[in-house]
Amino acid sequence: MESEFLYDLLQLPKEVAQPTEEELPRGEKKKYLSPNSKRNPKFEELQKVLMEWINTTLLPEHIVVRSLEEDMFDGLILHHLFQKLASLKLEVEEISLTSASQRHKLGVILEAVNQNLQVEEKQAKWSVETIFNKDLLATLHLLVALAKRFQPDLPLPDNVQVEVIHIESTKTGLKSDKQVEQLTECKSHKDQPLQDAFDELFKLAPEKVHAVQEAIVSFVNQKLERLGLSVQSLDTQFADGVILLLLIGQLEGFFLHLKEFYLTPSSPTEMLHNVTLALDLLKDEGLFSYPVNPEDIVNKDAKSTLRILYSLFQKHSLRAEGGGVHHATPN
């Protein structure tokens with residue numbers, strides 16, 4: 001019964017087997033791509049583009065990849081691909097037949113790759129374990145990073161996001177959580193400034209962040225009062241996009257039909273839909289030009305949430321005061 005309940009809770013098909021207590025010892029974690037993400041056309045397109053890129057690159061060596069999930073784990077193809085891209089030779093055996101030798105070879109290759117990409121091992125979204133265990137998500141993160149480094153003009157589909165199911169074994173049993181992970185960036189985010197006043201605020205004057213948050217919470221609650229809503233936490237209450245959409249509607253005079261967004265989102269995918277719609281509305285009104293990933297809002301990133309709310313505060317707070325004077329960014 002407990003297994004059936006977890007299948008229903010995670011909305012997993014039976015073929016995506018849930019680990020048992022024996023398979024997942026206490027304190028350990030596993031993650032899975034949600035079935036919906038695997039069937040996402042953009043996710044499928046990303047795999048197709050990457051496979052075609054690898055096969056074109058390795059055509060002179062008569063190497064063909066048919067599955068990123070099944071063909072990359074032992075390091076053989078990754079070995080040839082990285083040597084070709086980086087124009088170097090790695091001192092590893094050509095063919096490794098045992099698991100131990102394959103893991104060793106993969107470790108040497110990934111160490112060289114991380115050095116070339118200037119990524120520390122702890123920061124990398126891939127590892128020997130994940131690649132060797134045919135973790136498709138880790139493999140895609142690695143290949144996207146290589147493509148961006150060695151062929152930045154490769155037409156990867158933009159803004160590919162996946163829903164990831166995390167399962168952890170605890171004292172009370174198996175616990176699950178869903179998160180959204182970004183595989184490729186939004187094209188509109190390219191060539192944008194990397195920092196703004198909020199980066200400086202969080203970095204150089206963190207003691208002032210609370211004062212800015214309090215001012216914005218007060219402003220938001222004034223505008224939402226007529227809807228019978230109130231906000232206490234900027235980080236958490238805007239993550240599903242609902243209050244953000246209602247706030248934009250109140251301030252900008254938008255009427256959003258209930259068919260256009262999810263009033264009670266039940267998954268990260270629905271939350272992403274709401275937040276993406278809200279950011280599009282802000283951009284259309286010319287209120288917001290700084291790049292923010294919708295994923296960051298869903299994942300409760302304080303800086304990103306504060307940044308988008310400040311764009312509304314900047315315009316409408318002073319209008320209410322009748323000043324019409326430009327409101328400076330926070331010092």
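Throughout, numbering of the chain's residues begins at 1 and tracks the sequence.
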Original post:
Measuring from Phe82:CZ to Ile109:CD1, what's the distance to the nearest 0.5 Å?
Top reply: 9.5 Å

**OP:** Any chance you could lay out the side-chain contact (heavy atoms from CB on, under 4.5 Å) test for Glu214 and His210, step after step, and finish with the verdict?
**Re:** CA-CA 6 Å; Glu214 282 191 334; His210 184 67; 3.0 Å; yes

Original post:
Distance-only, no hydrogens or angles: does the Ser304 side chain make a donor-acceptor pair with backbone N or O of Ile297 under 3.5 Å?
Top reply: no

Subject >> Over 12 foreign heavy atoms within 6.0 Å of CD, Glu44 >> reply: yes

**OP:** Write down the atom of Leu154, the atom of Ala147, and the distance for their closest heavy-atom approach.
**Re:** CD2-CB, 3.8 Å

Subject >> Exercise: do Asp135 and Trp126 side chains pair donor with acceptor under 3.5 Å >> reply: no

Original post:
Quick one: do Leu76 and Leu50 end up in the same hydrophobic cluster if we chain Ile, Leu, Val, Met, Phe, Trp and Tyr together by side-chain heavy atoms under 4.5 Å apart?
Top reply: no

Original post:
Side chains of Leu247 and Val231: closer than 4.5 Å at any heavy-atom pair?
Top reply: no

Original post:
Looking only at heavy atoms, which two atoms of Pro294 and Leu279 are closest? And how far apart?
Top reply: CG-CD1, 3.9 Å

**OP:** Work out which heavy atom in Asp240 is nearest to a heavy atom in Val275; give both atom names and the distance.
**Re:** C-CG2, 4.3 Å

Original post:
Once you round to the nearest 0.5 Å, how far does NE2 of His79 lie from CD1 of Ile77?
Top reply: 12.5 Å

Subject >> Closest approach of Pro152 to Lys148 (non-hydrogen atoms, all atoms of both residues) >> reply: CB-O, 3.7 Å

Subject >> Value rounded to 0.5 Å, distance of CG in Leu282 from CD1 in Ile248 >> reply: 4.0 Å

Subject >> Atom pair CG/CZ of Asn274 and Phe238 - distance to nearest 0.5 Å >> reply: 13.0 Å

Original post:
Within the side chain of Asn116, is there an N or O that forms a donor-acceptor pair under 3.5 Å with the backbone of Ala112?
Top reply: no

Subject >> Lys300 atom NZ, neighbour heavy-atom count above 12 within 6.0 Å >> reply: no

Original post:
Should the pair Arg103-Glu129 be classified as a salt bridge under the 4.0 Å nitrogen-to-oxygen rule?
Top reply: yes

Original post:
Do Glu181 and Ser37 come close enough that some side-chain heavy atom pair is under 4.5 Å?
Top reply: no

**OP:** Would you please test Gln182 and Asn159 for side-chain contact (heavy atoms from CB on, under 4.5 Å) and show each step?
**Re:** CA-CA 7 Å; Gln182 192 93 17; Asn159 199 28; 2.7 Å; yes

Original post:
Are Val298 and Leu263 connected, step by step, through hydrophobic side chains (Ile, Leu, Val, Met, Phe, Trp, Tyr) whose heavy atoms are closer than 4.5 Å?
Top reply: yes

**OP:** Measure from the side-chain N and O atoms of Ser311 to the backbone N and O of Ile308, and report whether any donor-acceptor pair falls under 3.5 Å.
**Re:** yes

**OP:** Could you state whether Leu142 and Leu90 fall into the same hydrophobic cluster, counting links through intermediate Ile, Leu, Val, Met, Phe, Trp or Tyr residues with side-chain heavy atoms under 4.5 angstrom apart?
**Re:** yes

Subject >> Value rounded to 0.5 Å, distance of CG in Leu183 from CG in Leu156 >> reply: 10.0 Å

**OP:** Please name all residues satisfying side-chain hydrogen bond (donor to acceptor under 3.5 Å, both in side chains) with Arg226, sequence neighbours left out, ordered by chain then number.
**Re:** Gln250

**OP:** With side-chain contact (heavy atoms from CB on, under 4.5 Å) as the test, would you mind laying out the steps for Glu69 and Thr139 before giving the verdict?
**Re:** CA-CA 7 Å; Glu69 199 165 12; Thr139 302; over 6 Å; no

**OP:** Using the test ring-ring contact (aromatic ring centres under 6.0 Å, His included), find all partners of Tyr262 that sit at least two apart in sequence or belong to another chain.
**Re:** His273

Subject >> Cluster check Leu229, Leu258: I/L/V/M/F/W/Y, side chain < 4.5 angstrom >> reply: yes

**OP:** Hey, could you give me the CG/CG distance between Leu78 and Leu143, rounded to the nearest 0.5 Å?
**Re:** 7.0 Å

Subject >> Close side-chain approach of Glu252 to Leu281, heavy-atom, < 4.5 Å >> reply: no

**OP:** Determine, stepwise, if the pair Phe219 / Tyr310 fulfils side-chain contact (heavy atoms from CB on, under 4.5 Å).
**Re:** CA-CA 10 Å; Phe219 161 74; Tyr310 187 80; over 6 Å; no

**OP:** Would you name the heavy atoms of Thr130 and Ala138 that are closest together and state the gap between them?
**Re:** OG1-CB, 3.5 Å

Subject >> Shortest non-hydrogen contact between Val180 and Pro268, atoms and distance >> reply: CG2-CB, 3.2 Å

**OP:** Give a yes-or-no answer on whether the side chains of Asn221 and Gln232 include a donor-acceptor pair shorter than 3.5 Å.
**Re:** no

Subject >> Co-membership, hydrophobic cluster, residues Ile63 and Leu88, 4.5 Å side-chain >> reply: yes

Original post:
Are there more than 12 heavy atoms of other residues, nucleotides or ligands under 6.0 Å from atom NZ of Lys42?
Top reply: yes

Original post:
Is there a side-chain contact between Val119 and Val113 (heavy atoms, below 4.5 Å)?
Top reply: no

